[in-house]
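Worksheet: the structure to be examined is printed underneath.
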Amino acid sequence: MVMTSAAVPGFLPRAGLDRLLDLLAADGRRVIGPTVGQGAVVYDEIHHASDLPAGWTADQAPGSYRLRQTGTERQFDYAVGPTSWKHETFPPRVPLTIGRRVNGQVTFEDALPAAPPVAFLGVRGCEIAALLTQDAVLARGIAVDRDYAARRAAALIIAVECVTPADTCFCTSMGTGPEVTTGFDLAMTELDDGFVVRAGSPAGERLLERLELTAADPGRTTAAQDAVAAARERMGDPVPTAGLPARLIAAAESPQWAEIAERCLACANCTLVCPTCFCTGVTQVSDLDGFEATAERTWDSCFTLGFSKVAGGNFRPRVQDRYRQWLTHKFATWWDQFGMSGCVGCGRCITWCPVGIDVRAELMAVAPPPPALKAAVGIIEPARPTTVKSVPPAASAALLTAPIPLPAVEELPPTYARTFVAERRRETVDTVTLRFDTSDPDLLAGRPGQFVMAALPAFSAAPISVSRFHRDGLELTIRAAGAATRALCELRRGDSVGLRGPMGRGWPVDAAEGHDVVIVTGGIGLAPLRPLVDALLADRTRFREIRLLYGARSPADRLYVEELSELAARPDLDVGQIVDRAGPDWFGRVGVVTGLFDQGHLDGPNAVAYVCGPERMMTATVDVLRDRGVSDDRIFVTLERHMECGVGLCGHCQLGKSFVCRDGPVFSLAEMGPAFGREGL
Amino acid sequence: MTGAVRATIASRPRLGIMKFASCDGCQLTILDLEDHLLDLLVRFDLVEFAEASSYRSSGPFDIVLVEGSISTPEQAEEIVRIRRETPLLVTIGACATAGGIQALRNWADHDAYRAAVYAHPEYVESLATSTPISDHVAVDAELRGCPIDPGQLLELLTALTVGRRPQLPDESVCLECKRRGTVCVLVTGNGPCLGPVTHTGCGALCPAYARGCYGCFGPREAANAPSLARWFGRDGRSDADTARLFSGFTAYAPPFRSVIDSLGGPPIASHSGEDA
């Protein structure tokens, strides 16, 4: 009798499954695996092998799932069902922080639950790819989702290779299955009388040793390989992915999006059954007075209207824009963001779409591969590699070969630093500037154009640009636009608030070295530009002429009025001001901010521009700047998007390939490309 | 809720709870907030509460919660008066926000119905239609449902106390099904479900008991009811049967209403008085 080792697969008779479950239980692991419930094979707690769906499979089609008995003893004869492992690694609701307010002072404490050891039994190849994909998103970026990292590290992965793909499956096209090649501790392949088992990690090897299996005979090993190969054969290659990202981006204005929107319910089911979709919102669960509130991270979706809501409106109101965002992100911009596909080909979005929208068919309709295009006009050519920039599925697979080491949770930074209001100054009827004292080195290390998340218990945290940095603190200029900002504006000297940051990429000050500088801004847009002016003036000799052009609705709507007068008196800075509506005390210019460009000469080709204001003002300003010869790589704008997390984890602020909070909020026009000023993105 | 409205609300606002054409179930939901009632009374001056007390105040109120649809000429006048005197008007329930089940009469012959139900129809002064409050006056916020959800009600009252925007998302019921791990009944064939086009707020109650959502919270934002109706019709369901699915407590709310119209009206309207 040959005992198994890391290199030799073992054979686990079907009756031995309970021994595996017992060993996992002895290790203190909860076992989650497939079981029949609610008319489907779902993942739930498994105590005995008899909990597994022996003799069950399901017929799947777009918008349809029907359980069916197979008449065999096989326990893993189904294709993936409605649940995914993200229910365990990335639960629908997770408490993040508890905020309290006592006598005007606030405190925030972490509320992250513990992540006890767990084993996932029956993980498919596509699902391992999904876990590795979420690792890249949630645990490998500039910020780490601490709850995810802890849960992921606590999970032992016992894969069972898929030999019964559904009609909705396309893992073969996405390069994620059906073979299990990476990211597992144990991998099993089911045969009629048991399982061929191999280890994929030291933890798996130890478990395999304790199972004391006999080595799998060559006949069984071959049968196992053949079964998986047959599954691959059956699926074929339903979604040719060569050049798909480029084709999708090129199809941004396709009439097909509106056609899909005729059918799409925007119900969000596709995103919630998707094992890689990671977008979340934050809800506040508070007592009646708001003295204590728990901020909960909740599954959200790019298909809800609230997802893309900002103070000024909504940047993705139409369903066709939302569908385009989802599909383009999954199959195209995910590559830009994470170097891999966002789709693993599990087919859940197809089966669980209530009106049976088949992503495979939509991809082919929106972004057909070139041969199909030619076929459409009657030229039939044999399929061959295209000349379009190609990202073969193999590239995705290569990126998934090495599981990402997860960061130690205790090394991750805390949530909010309590910070006190040292000074409060009213700027306009609805805007105040608060100066905060802090010794927090992170907060003090901020750069012009960066923002902080400001939190009060029971209110959603608000992204606020820093309007001045001091050696021992910082200033925030806040307009009471919504409930949270109104509450912030009502803070008095001595009150406290939770600050997190600074975040994002600020204004590139060095880009202006040796150039003329023109700063164009409107209304409260001056606030994020003020630290830039400070930085430019602090090192004045590095820059040529500096002009600050400021527009406001009325004289009373201007920020920092006294400061503006002082700046205007400086010989080394040109300040232009203009208002939409003048009062009796206004002797300056009246009109929109672009009107100020007619004063003085602008040496466009030699100038660097920084722009911040309402969207329409920015578009108009950019038109003038381009007209005067300022190149797109020297025009910098800052964007307002819906931000929940500020660190590129929640997904709300995505603009094409960028997370505005992480990659912006400052972008050059060259970086934004056609995304600037376009609706629906 | 605008800042201006909020600023006019006192620290212990005067609260009125009133009703028009309705079954009082939403008001009962308020009474059922047993553990919170005393807390609420500390924060709100509950001046009038139709279901709990026969006392009627002449007002005015800072906040009025209105249950019920507008079904009589008298009600149509009354709601205009209340709106005029009330800084914050919140409608509660399917009747107030969509016209209620009684809005099915909007498709029917009003006089024939009246004659079929009452021995002396001439004593009954009712309008030919049952309409939501928002058809008559501007509404500051609404709580959907038949009846309303106690959690959403508490969220509204908490938000009023704290001074923030209530978290009342207008997304589909599906998100809540998925968050709580309910398998889609529409896809598994356990019945037609209006969840994808219905406003969330109930916690996805019905699908958790393996039955389809019947849309009592009414259409959500961007509800693509025609697409769902086409899907219902795919497996041989008749137009009348599809129309019946939408002809519930929120039938008269626009996207549902137009689907019902396109399918020949609610099946109930074609029946004789006795059947109805």
Side-chain angles (χ1 to χ4, degrees), chain A residues 37-40 42 44 63-67 81-83 87 91-93 261-269 271-273 281 283-290 293 298-301 303-307 317-319 322 351-356 430 458-460 480 482-484 486-487 490, chain B residues 1 3 6 36 39-40 42-44 151 154-155 157-190 192-193 195-198 200 207-208 210 220-228 230-232 234-235:
Chain A
Q38 302 184 62
V42 296
D44 207 337
S64 174
Y65 181 102
R66 296 289 184 278
L67 273 183
T83 35
H87 276 268
R93 281 195 182 83
E262 292 279 305
R263 288 172 283 136
C264 176
L265 304 177
C267 60
N269 277 301
T271 56
L272 300 184
V273 294
T283 53
Q284 301 287 332
V285 185
S286 74
D287 62 3
L288 265 173
D289 296 302
T298 314
W299 281 0
D300 203 342
S301 168
F303 278 96
T304 70
L305 183 71
F307 187 77
R318 297 180 303 177
V319 170
R322 301 181 212 174
T351 300
W352 299 98
C353 172
V355 291
D430 60 1
F459 292 90
S460 50
R486 190 166 53 237
E490 284 167 7
Chain B
M1 222 173 305
R6 221 177 59 84
H36 301 282
D39 282 346
L40 287 174
V42 171
R43 286 154 191 88
F44 296 92
L154 271 179
E155 167 59 20
L157 296 173
T158 304
L160 284 172
T161 314
V162 177
R164 62 167 165 77
R165 190 188 304 271
Q167 304 166 110
L168 302 169
D170 50 9
E171 63 203 26
S172 74
V173 173
C174 304
L175 280 105
E176 216 36 47
C177 266
K178 292 291 179 286
R179 290 182 191 126
R180 64 185 285 177
T182 300
V183 176
C184 181
V185 297
L186 193 52
V187 171
T188 54
N190 281 329
C193 177
V197 295
T198 298
T200 192
R220 51 164 261 253
E221 167 274 329
N224 192 348
S227 171
L228 188 61
R230 282 196 300 275
W231 187 260
F232 287 156
R234 245 181 40 130
D235 29 283

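Only heavy atoms go into these numbers, but all of them, side chains included; no hydrogens, no water, no symmetry mates. In what follows, chains carry the letters A, B, and so on, assigned in the order in which the sequence lines appear, proteins first and then strands, with residues in each chain numbered from 1.
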Whether the side chain of [X] engages the backbone of [Y] through a donor-acceptor N/O pair (distance < 3.5 Å, no angle test) should be reported.
X: Arg66(A); Y: Val187(B); answer: yes
X: Glu176(B); Y: Thr200(B); answer: no
X: Asp430(A); Y: Ala480(A); answer: no
X: Glu221(B); Y: Thr304(A); answer: no

Under 4.5 Å heavy-atom distance to chain A, tell me which part of [X] shows up: side chain, backbone, both or neither.
X: Arg230(B); value: side chain
X: Arg180(B); value: neither
X: Arg43(B); value: side chain
X: Thr182(B); value: both
X: Asp170(B); value: side chain

With chain A as the partner, which of Leu186(B), Asp39(B), Thr198(B) has the greatest number of non-hydrogen pairs under 4.5 Å? Leu186(B)
At a 4.5 Å cut-off on heavy atoms, which part of [X] comes close to chain B: side chain, backbone, both, or neither?
X: Asp44(A); answer: neither
X: Thr351(A); answer: both
X: Val355(A); answer: both
X: Arg263(A); answer: both
X: Thr283(A); answer: both

Which distance, rounded to the nearest 0.5 Å, do you find between the [atom1] of [X] and the [atom2] of [Y]?
X: Arg318(A); Y: Leu305(A); atom1: CZ; atom2: CG; result: 13.5 Å
X: Leu272(A); Y: Phe303(A); atom1: CG; atom2: CZ; result: 10.0 Å
X: Thr161(B); Y: Leu154(B); atom1: OG1; atom2: CG; result: 10.0 Å

Below 4.5 Å, heavy-atom pairs only: which of [options] has the largest tally toward chain B?
options: Gly306(A), Gly482(A), Ser301(A), Gly356(A); answer: Gly356(A)
options: Ala293(A), Pro92(A), Ala40(A), Cys267(A); answer: Cys267(A)
options: Ala483(A), Pro354(A), Ala484(A); answer: Pro354(A)

Ionic contact status for Glu171(B) with Arg179(B), cut-off 4.0 Å: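 Here Arg179(B) pairs with Glu171(B) in a salt bridge, since their nearest N and O are under 4.0 Å apart.
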Glu155(B) with Arg164(B): basic N within carboxylate O range, under 4.0 Å: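 Salt bridge present between Glu155(B) and Arg164(B).
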